[in-house]
Amino acid sequence: MNAAAALLAVADLSMRFGGLRAVDALSFEARRGEITAVIGPNGAGKTTVFNCITGFYRPTAGALTLRHPDGTVYDLERLPGFKIASRARVARTFQNIRLFAGMTVLENLLVAQHNALMRTTGFGIGAVLGLSRYPAAERAAIDKARFWLDAIGLLARADDPAGALPYGAQRRLEIARAMCIDPVLLCLDEPAAGLNPRETDELTGLLLRIRDGGCTLLLIEHDMGLVMRVSDHIVVLDHGRKISDGDPAAVRADPAVVAAYLGEGDEDEAEPVAEGIAAPEIAAPELR
Amino acid sequence: MSATLRAASRDALLSALVALGLFGPMIGLLTAPGPTGGLTLVSRPAAVAIAVSTVFAGRLLLLLWRARRGRRAAYAQNRALAEWLNRAGRYVGPALLLGALLLPLTGERYYLDLGVLVMTYVMLGWGLNIVVGLAGLLDLGYVAFYAVGAYSYAIFSTTFGLGFWTCLPIAGLLAALWGVILGFPVLRLRGDYLAIVTLAFGEIIRIVLVNWVSLTNGPNGISGIPRPTLFGLTFNAGGGPGSFADFFGVTPSITHRIAFLYYVILGLALLTNWVTLRLRRQPLGRAWEAMREDEIACRSLGINITRTKLTAFATGALFGGFAGAFFATRQAFISPESFTFIESAIVLAIVVLGGLGSQLGVALAALVMIGGGELFRSFAEYRMLAFGLALVVVMVLRPRGLVSGRTPSVALGARREISAELVAEGRG
């Protein structure tokens, strides 16, 4: 909240699919070392924003500027998809979990360190012939994986296939896997979806621990309890537009947010289309 | 029970109807020379009845057996079988290898020729396994790389007089280059679409070979392709100076050459296997498998999908090219006839039957399909029938291949087999 530098600056971001404006001239900032939550009713365009930031969509217009702590600047809207993770070091998780189900938990974390490991293999040929620095690099990678497995409490299940883990553990594993690319910005798409209250508490602890480790977080979440507890800064979207932006207390008190969540459509949105139907399934923010 | 029985018999009846439609004209009608010298139609209702009732009974039994076994039990059983096969694999693999190494001691030309044939398909299967089994890219045109390798060696040796061992890497690299060339247009394709394009690629290569007469001699093929030498020693049937028989002072025999060829292809196949096993435990191989599991997740982790796919195509093609060069030198004559779609289909069947990604499974499947096919030669026209039946039975009993399941590439503790149900097959 106090003058922390912006790590990610989103400026006038627009994303159009044919006639549908999923995101419309959206601007916000995610400050370094903070947890920024993006909330809004279903269909508000949150995941679209994430897909633009992480290179899965190319935005129709707007700029996404990532400023690393060392001063390097990346224009995310121009980077090819995979480089956003490998160069700009923006990691993400998915709303519907995307683990490598047939690979073990440990292998999942090693795949995440692919680029770092690949550099030591001498284009793959050196390592096949046993001539490279690869074994040492792999030991280091396993140590890093062990650290994150310990952090998410899955060390004992390292050799189990990821697809055989319980749902909550799969969610945590996906976060650990994202952390293995050493991100400066971690984008979490509904990490608490489907978790029970105890698991949500564990997740809260994990998110705070990641933030305290120096990583900036961007969070899409419908669990308002979690959002209010961990966020330093909240951006509220509705119909692809920003309707509120500020710290949790300010957002909670904002009448526009209340209107959007309770479906009282404002003047220019007399007929809320799909969102109107979807809204009731979301818990309204706890207003006191 | 009665409901299951009723549903099963209805299903079996439908199958029998389809069989009647198919077998009615195919088995039921036979053209035979008539008494006046013309052709007459002979109908064989008994044969049709046997075929149709076999289908009915088979389908009924299969459905009832499945209903009795239940799904959950099948999973547990599959997993137990995978574990068992894995344990057994520790002995089966070395036993097969020992058998393969000792085979030439039999001195029987028939077994050696068969061994060369089987090993060629084992190598092709292992090569394709990289693309289909590990990277999950369905490639129906693998024979194209086999053809590129074979023609590379044939053309380089007959035009420039280069030897087999010089041409082998060239043939492999050219095939790998074509693997990359195929890889580019299909980067964004998945599943069926990828299969169609690779199928077309295989046909294009064959048609170019048929029509580019000035380079490939068209349908007449290239003959007089030189045989490989052992450090400059030739394997002439007549012996003579500079030949293997002369150098070692043994009686010249054609078996020497075949045994040598056998060891060459065994070595090449083992090289394929070794490289695959090494790569699987490295970032590149893990990225291939991760790509098979979930391409989007790979991208979100900064893995360059383009490069990963192209390396898979190129590595698979490289070994296809090696096998092709070997094929050319063994036959001493090649023509586009040898590189038809059916070859791709057989190699793919070997990989799928053996179990996607399983090295031992592929070797076993090649042994069963190619070696077994030879054994059934005495059954004459029933050979393909037995072959098809065997495929159906294996796919019903072990839908994920003979040796399904996946061995983790790295582990903190003991490596435990991952049951096939969790492993993705790849959507291309």
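This one's a predicted model, so the numbers in the text were calculated from it and none came from an experiment. To find a chain, count down the sequence lines: A is the first, B the second, and so on, and within it residues start at 1.
One distance of note links CZ of B:F322 with CZ of B:F145; it measures 14.0 Å at 0.5 Å rounding. Here CG of B:L168 is found 5.5 Å from CG of B:L268. Values are rounded to the nearest 0.5 Å. Rounding to the nearest 0.5 Å gives a distance of 9.0 Å between OG1 of A:T47 and CG of A:N42.
Salt-bridge check for A:R172 with A:E202: passed, with a basic side-chain N closer than 4.0 Å to an acidic carboxylate O.
A:A162 does not touch chain B: none of its heavy atoms, backbone or side chain, sits under 4.5 Å away. With a threshold of 4.5 angstrom between heavy atoms, B:R406 approaches chain A through side-chain atoms but not through N, CA, C or O. A:R177 touches chain B through backbone and side chain together, each having a heavy atom under 4.5 Å away. Heavy atoms of A:T54 lying under 4.5 Å from chain B are absent altogether. For chain B, the nearby part of A:N115 is the side chain; its heavy atoms alone come within less than 4.5 Å. For A:E138, the part lying under 4.5 angstrom from a heavy atom of chain B is the side chain only. For B:I296, the parts sitting under 4.5 Å from any heavy atom of chain A are the backbone and the side chain alike. Of the two parts of A:L117, the backbone and the side chain both hold a non-hydrogen atom closer than 4.5 Å to a non-hydrogen atom of chain B.
Among the candidates B:V423, B:L277, B:N304, B:V275, the residue making the largest number of heavy-atom pairs closer than 4.5 Å to chain A is B:N304. Considering only heavy-atom pairs separated by less than 4.5 Å from chain A, the leading option among B:T306, B:I305, B:I303 is B:I303. Contact count against chain A (heavy-atom pairs under 4.5 Å) is highest for B:A290 among B:G285, B:A290, B:S409, B:A287. With respect to chain B, the highest number of heavy-atom pairs below 4.5 Å among A:G55, A:A164, A:G102 belongs to A:G102. Per-residue counts of heavy-atom pairs under 4.5 Å with chain B were compared for A:I84, A:L155, A:T104; the largest is that of A:T104.
A:Y57 has its ring centre less than 6.0 Å from the ring centre of A:F17.
Cation-pi geometry between B:R299 and A:F56 is satisfied (NZ or CZ under 6.0 Å from the ring centre, within 45° of the ring normal). Geometric assessment of A:R92 against the ring of A:F94 yields a positive cation-pi assignment under the 6.0 Å and 45° thresholds.
The closest donor-acceptor contact from the side chain of B:W178 to the backbone of B:V148 lies at 3.5 Å or more, if one exists at all.
Applying the 6.0 Å contact sphere to CZ of A:F147 captures more than 12 heavy atoms from other residues, nucleotides or ligands.
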